[in-house]
Each structure stands twice: as structure tokens, then as C-alpha cells.
There are 2 protein chains.
Amino acid sequence: MVKKPENTKQKILLLGEKLLKEKGINAFSYHDISSSLGVKNAAVHYHFGSKEDLLLAIIEENRKRFEQMIQQMGTAGHMEVWNGLQEFINIYISSIENNRQICLFGSLGSDFFTIGPKGQTSLKLLSEKILAWLSEILTEGRKRGEFEFKGHARIKAMMLCSALAGGLQLARISEKKDFYNLVDQIKSDLKPS
Amino acid sequence: MVKKPENTKQKILLLGEKLLKEKGINAFSYHDISSSLGVKNAAVHYHFGSKEDLLLAIIEENRKRFEQMIQQMGTAGHMEVWNGLQEFINIYISSIENNRQICLFGSLGSDFFTIGPKGQTSLKLLSEKILAWLSEILTEGRKRGEFEFKGHARIKAMMLCSALAGGLQLARISEKKDFYNLVDQIKSDLKPS
DNA sequence: AAATATACTTACTTATCAGTAAGTAAACAA
DNA sequence: TTGTTTACTTACTGATAAGTAAGTATATTT
């Protein structure tokens, strides 16, 4: 009678991530997940005991995905820096094309004071990884004369992340097209004159 | 600067705005407001029948404050453009210094799909006003040779707003200091070389 | 074959949420 | 003086939230 599990845990994780990036951690419930997947509320609690557990798993999933991406691209020294940057930007493009989702940092930055210390720490570690990687690419690109910008690469990296994260949110309020214009502006600002 | 509230209605409005910018519209309740102000839940409902009404009033309050600010500064043609820009940035500085609040667009951009159409429309109108004003300043500044940037002023304006909004969120995850570095980077990027 | 582990469901609890109806005390207007 | 409006309180509703204890069918291990 009871059907075989397909991979309910993974389905919950992915749907949780989707809801997190569409509505925010405080605007979806376990019931939203269970009803959408055709299981019962307790099934979600079986796989992720608390909402904090689910959140931690979502952050971890995003970390894995990012690590995998940069591993496939190789080190900055052996990379086409413009390709590397574009790959990074493509994460945000995928977000906006996927039901106008925003990024993890935009969503959890807004709700930062409503999540537990574990989530905060985990998020911070991920942001450091991303900023370190972006800084490397920016540094290498500037060394090669393919990027041009003032100041420290790390701060420029933070600016790119902030602009992309904020851009996804502003594009919800205005138009999707605005985000593509923003991306072009970001790239244009980085081009040597 | 935000005035000190005299009556209950104004207190509710200001506390609602504070909670919105600290925790997001879905993470505070009327009870949070009433208990904090020492009144009963129904008193909040008396002044703002629904949470949507409160949200609309908060957006309207921010609109008024912005209109007042730009009125005091006068038109772009008669303004020190760097002063004008700094005044605008000061709104964000006040936010981060005030319990690490984020801006209205960061908060409601994240929760955009959980607020009603009235809130969405109202927010859109305000964002258009702000972008129009910023565009004017950027255009005037570039004409005078005090700002330097590529492309359309409107898109650059959107980039500034996105970077500032996203920067407030990222600074929660990393450090307050990072936001000040970001502001310096933004200004440095605008300076003629 | 028996024991155990996995992946759930049923049925429930406790807490909190937005919102409302009815009452009240004080200020104000006719 | 009387009636009305303002600014609430008391007391409640129905919905929904996260979370849990106990049961069940199936799969895996011994």
C-alpha cells in the first residue's frame, strides 16, 4: 500500500530552497512543503527535525554546489577570467529566470536576525568562501589587464556580490530587464578603458 | 532624521518600520508591537486594521521622508552633487548604525511575493521616484565632470541602489566595517580619474 | 526466520497568528 | 446637558504554525 520512497528527502531540500529564495524562511511552512509533495507534515519532520535543520541543509547544499563549480573551473591562474566571472553571474541569472528567485544572501541577509546562530555562522563561512574566490579572479584579471578597477579586490568583490544580490531584489520591484542592464553595467565598469 | 513619536499611532508606525527593517514583514506580529508599547493587541488593529494597512503606512512614511529630503536639497541643477549623493548614502549609514537595519527595498524585495498588490505597487512607485532623483544627480554630476561613469545614468542609479541595499544585507553576514568600505568603493568608482 | 532499521502516517499538542465584536472611559461638539 | 467621536480594553475566534509520540508497512541485516 505504501509506495516506495523515491527520494523524499532530496525533494524536501530542493523545495525548501525554492521557497526560501522565493518567499523567505519565515513565509513558508512545513505544511507548504508536505502538501506540495503529497506527503504528511511529519514526514518533513522525519527528514529535517526542525526548520533550522532544513535551513542548515539548504545552506550546505549551496556550499557544495559552489565548491563544485569552482573546482570545475580550476584555479584563477589557469582560467579565462571573464568566463569565470560570467559563470558566477550565471548563478544569479538562473535565479531570476527561475521564478524571480533571489540569492541565498539576499534572502537570509534580510532574515538574518530571525535565524539561529548556527545558520548565521554557516552563512558567514559560505560568504567568505565566495568572496575569497571572487577576489582571486579579480586580482588575477587586473594583473593581466583584463579587468580594471580601483582599490582592493576584496572590496570590489563585495561590491559585485552586493550589487547582484540587491539587483535581484530591485528587479522584483521594477522589471526583470533591469537586472540584465545591471549585469551589463557591472561588466562594463570592469572593462579597461 | 526620524521624529520622536507622541501618540500611539505614530509609535506603532515607527516600531513597525523598525521591526520590518530588522526582521522582515513576516517575522514580527501585532503582539510584538502591542507588548512593546504596553497596549493591547486590539489597539494596534484599531489604528491599522490589517497588517497590510500598516505596511502601506510604513511605505508611505518612507516616501514622505524621501520627498522631504529632496525638497530640502533643491534641484540637481543647483546642488553640490557630491553632497546630494552623500545625503542619500547617509540614509543607509543611519540604517546600519540603527541596529543593523536594512533598507525598505532590501526588506520588501525579499518578501515581495508575500505582500499584497497594493504594497507592491506602492513600493514600485517609491523606487521609481528614488531612481529618477538619483539619475538626475548622476546626469548633472557627469555633465559637470564631477562624476565619471559609463552608460546610462538610470542604470548606474540602479546599480548604486542595488549595491547599497545588498551591502546592508551582506554587512549583517560579515561585518559593519565592510559596508563603509563598500561606500568608499562606490564613491571611488564615481570619481573622475 | 527473526530482529532491526527505514520511511513514513495518524493523531495529537501547544503556541501563536491576524482579526473581530462588544464594551468603556474620557474628550469634544451640539 | 446630551450625544457623539476617539482611543482604547476585554474577551474571544478560527486558522495555522512547529513539533512530537506512537503506530505501520516495507526493506535490510543477521
Side-chain angles (χ1 to χ4, degrees), chain A residues 1-20 22-59 107-108 110-120, chain B residues 4-20 22-59 107-108 110-120 122:
Chain A
M1 327 174 165
V2 180
K3 286 195 178 162
K4 289 263 86 290
E6 299 193 331
N7 197 348
T8 305
K9 186 170 185 174
Q10 198 66 14
K11 282 183 189 167
I12 293 168
L13 187 57
L14 289 178
L15 181 54
E17 182 183 356
K18 177 179 144 78
L19 290 168
L20 172 73
E22 278 171 16
K23 317 209 293 169
I25 191 76
N26 299 306
F28 74 88
S29 67
Y30 270 26
H31 176 77
D32 291 333
I33 291 177
S34 59
S35 65
S36 172
L37 296 182
V39 295
K40 297 297 160 176
N41 199 46
V44 185
H45 278 285
Y46 171 73
H47 290 292
F48 302 97
S50 71
K51 218 177 170 186
E52 184 175 26
D53 292 334
L54 176 58
L55 174 61
L56 291 174
I58 291 169
I59 297 172
S107 178
L108 292 174
S110 289
D111 296 337
F112 197 68
F113 298 141
T114 74
I115 65 176
K118 283 180 193 170
Q120 294 183 344
Chain B
K4 211 174 148 197
E6 305 124 23
N7 52 38
T8 302
K9 185 170 185 174
Q10 197 66 15
K11 282 182 190 168
I12 293 168
L13 186 57
L14 289 178
L15 181 53
E17 182 183 357
K18 176 180 146 78
L19 290 168
L20 172 72
E22 278 171 17
K23 315 209 295 170
I25 190 76
N26 298 306
F28 74 88
S29 66
Y30 269 28
H31 175 77
D32 290 332
I33 292 177
S34 59
S35 65
S36 172
L37 296 181
V39 295
K40 298 297 160 179
N41 200 45
V44 186
H45 278 284
Y46 171 74
H47 292 292
F48 302 97
S50 71
K51 218 177 169 184
E52 184 175 25
D53 292 335
L54 176 58
L55 173 62
L56 291 174
I58 292 169
I59 297 172
S107 178
L108 292 174
S110 290
D111 297 337
F112 197 68
F113 299 141
T114 74
I115 64 175
K118 282 181 194 169
Q120 294 183 345
S122 179

For this session: Would you indicate, yes or no, if D:dA7 has its OP1 or OP2 atom less than 4.0 angstrom from a side-chain nitrogen or oxygen of B:His47?
Result: no

Seminar exercise, completed: A:Leu37 CG to C:dT9 C1', in whole Å, measures 15 Å

For this session: Please check the phosphate of C:dC8 (OP1 and OP2 only) for any side-chain N or O of A:Thr8 closer than 4.0 Å.
Result: yes

For this session: Have a look at B:Phe48 and say if it touches a base, only the backbone sugar-phosphate, or nothing, with a 4.0 Å heavy-atom cut-off.
Result: nothing

Problem set entry | Pairs where residues 42-57 of chain B contributes a residue and the test side chain to side chain donor-acceptor pair (under 3.5 Å) is met, not counting sequence neighbours | B:Ser50-B:Asp53

Problem set entry | Side chains of A:Leu37 and A:Val44 in contact at under 4.5 Å (non-hydrogen atoms) | no

For this session: Kindly write out the residues that satisfy side-chain hydrogen bond (donor to acceptor under 3.5 Å, both in side chains) with A:Thr114, not counting sequence neighbours, or none if the list is empty.
Result: A:Asn26

Exercise. Whole Å only: how far is the NZ atom of A:Lys51 from the P atom of D:dA18?
Worked result: 5 Å

Exercise. Under the salt bridge (Lys or Arg N to Asp or Glu O under 4.0 Å) rule, what pairs show up with a residue in residues 22-43 of chain A, not counting sequence neighbours?
Worked result: A:Lys18-A:Glu22

Please tabulate, one pair per line, each protein N/O and nucleotide N/O from nucleotides 20-28 of chain C that are separated by under 3.5 Å, including the distance.
none

Problem set entry | Atom-pair distance (CD on A:Gln10; C1' on C:dA7), nearest Å | 16 Å

Problem set entry | With B:Ser122 via side-chain hydrogen bond (donor to acceptor under 3.5 Å, both in side chains) - residues at least two apart | none

Problem set entry | Value rounded to 0.5 Å, distance of CD1 in B:Ile59 from CD1 in B:Ile115 | 5.5 Å

For this session: Tell me what B:Lys40 touches on the nucleic acid: a base, only sugar-phosphate, or nothing, going by heavy atoms under 4.0 Å.
Result: base

For this session: Tell me which nucleotide among D:dC8, C:dG19, D:dA17 gets nearest to the side chain of A:Ser29.
Result: D:dA17

Exercise. Expressed in angstrom and rounded to an integer, what is the separation of B:Tyr30 atom OH from C:dT16 atom C1'?
Worked result: 16 Å

Exercise. How many Å lie between CG on A:Leu54 and C1' on D:dA17, as a whole number?
Worked result: 15 Å

For this session: Pick base, sugar-phosphate or nothing for B:Tyr46, based on heavy-atom distances below 4.0 Å to the nucleic acid.
Result: base

Seminar exercise, completed: A:Asn26 CG to C:dT16 P, in whole Å, measures 15 Å

Exercise. A:Asp53 has an atom CG; how far is it from atom C1' of D:dT20, in whole Å?
Worked result: 14 Å

Problem set entry | Partner residues of B:Ala43 under the side chain to side chain contact (heavy atoms under 4.5 Å, CB included) criterion, sequence neighbours left out | B:Val39

For this session: Grab the CG-C1' distance between A:Leu55 and D:dA18 for me, whole Å please.
Result: 15 Å

